[in-house]
Amino acid sequence: MKRVWIGLISAIALAGGFSFATIAFAQAPSESFPPAASVKQLMLDLIHPSSNDILLAIYRGGPKDEKEWARWRRSAVTLAESGNS
């Protein structure tokens with residue numbers, strides 16, 4: 001029974017090592033791009049205004065028409081994607 005567990009653990013570790021190496025190699029960037037903006041610029045120009053738009057929409061009772069919904073949706077997507085930068 002002990003040999004079965006050792007064999008199973010070895011097989012899992014071996015397969016995990018191969019898949020990890022493949023993933024790490026596949027995601028390696030070919031060249032490095034310089035950042036387009038600093039974190040401070042992103043906060044001032046994108047994240048802070050988007051969060052303010054959403055808070056104002058909430059305090060005012062929510063969006064009333066399609067134009068306000070589009071603005072609120074755009075702000076929400078901006079905030080969601082800001083974590084990826």
Side-chain angles (χ1 to χ4, degrees):
M1 185 70 170
K2 211 178 216 183
R3 294 177 80 191
V4 172
W5 280 107
I6 291 173
L8 182 63
I9 291 172
S10 299
I12 291 171
L14 186 63
F18 282 137
S19 64
F20 179 74
T22 303
I23 291 170
F25 180 73
Q27 293 182 356
S30 59
E31 60 184 63
S32 178
F33 294 107
S38 68
V39 174
K40 184 176 181 179
Q41 288 172 322
L42 290 175
M43 286 294 292
L44 290 174
D45 297 335
L46 291 174
I47 299 169
H48 190 72
S50 296
S51 63
N52 281 347
D53 288 343
I54 292 174
L55 286 174
L56 283 173
I58 292 169
Y59 287 131
R60 291 178 181 164
K64 305 289 187 237
D65 58 0
E66 192 61 35
K67 186 176 179 182
E68 287 184 19
W69 274 108
R71 182 175 179 187
W72 198 27
R73 192 177 311 115
R74 189 170 33 254
S75 295
V77 168
T78 301
L79 284 178
E81 288 298 322
S82 67
N84 296 332
S85 58

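Both backbone and side-chain heavy atoms feed into the values below; hydrogens, waters and symmetry mates do not.
- The same ILVMFWY cluster, assembled from side-chain heavy atoms under 4.5 Å apart, contains both Ile58 and Leu79.
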Using distance only, find each side-chain donor-acceptor pair of residues 40-50 under 3.5 Å and give its atom names and separation, not counting sequence neighbours.
from, atom 1, to, atom 2, distance (Å)
Gln41, OE1, Ser38, N, 2.8
His48, NE2, Asn52, ND2, 3.4
Ser50, OG, Leu46, O, 2.8

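- Pairs passing the salt bridge (charged side-chain N to carboxylate O under 4.0 Å, His left out) check and including a residue from residues 52-67, sequence neighbours excluded, read Asp53-Arg71, Glu66-Arg73.
- Listed by first then second residue, pairs satisfying ring pair (Phe, Tyr, Trp, His ring centres under 6.0 Å) with a partner in residues 51-76 read Trp69-Trp72, not counting sequence neighbours.
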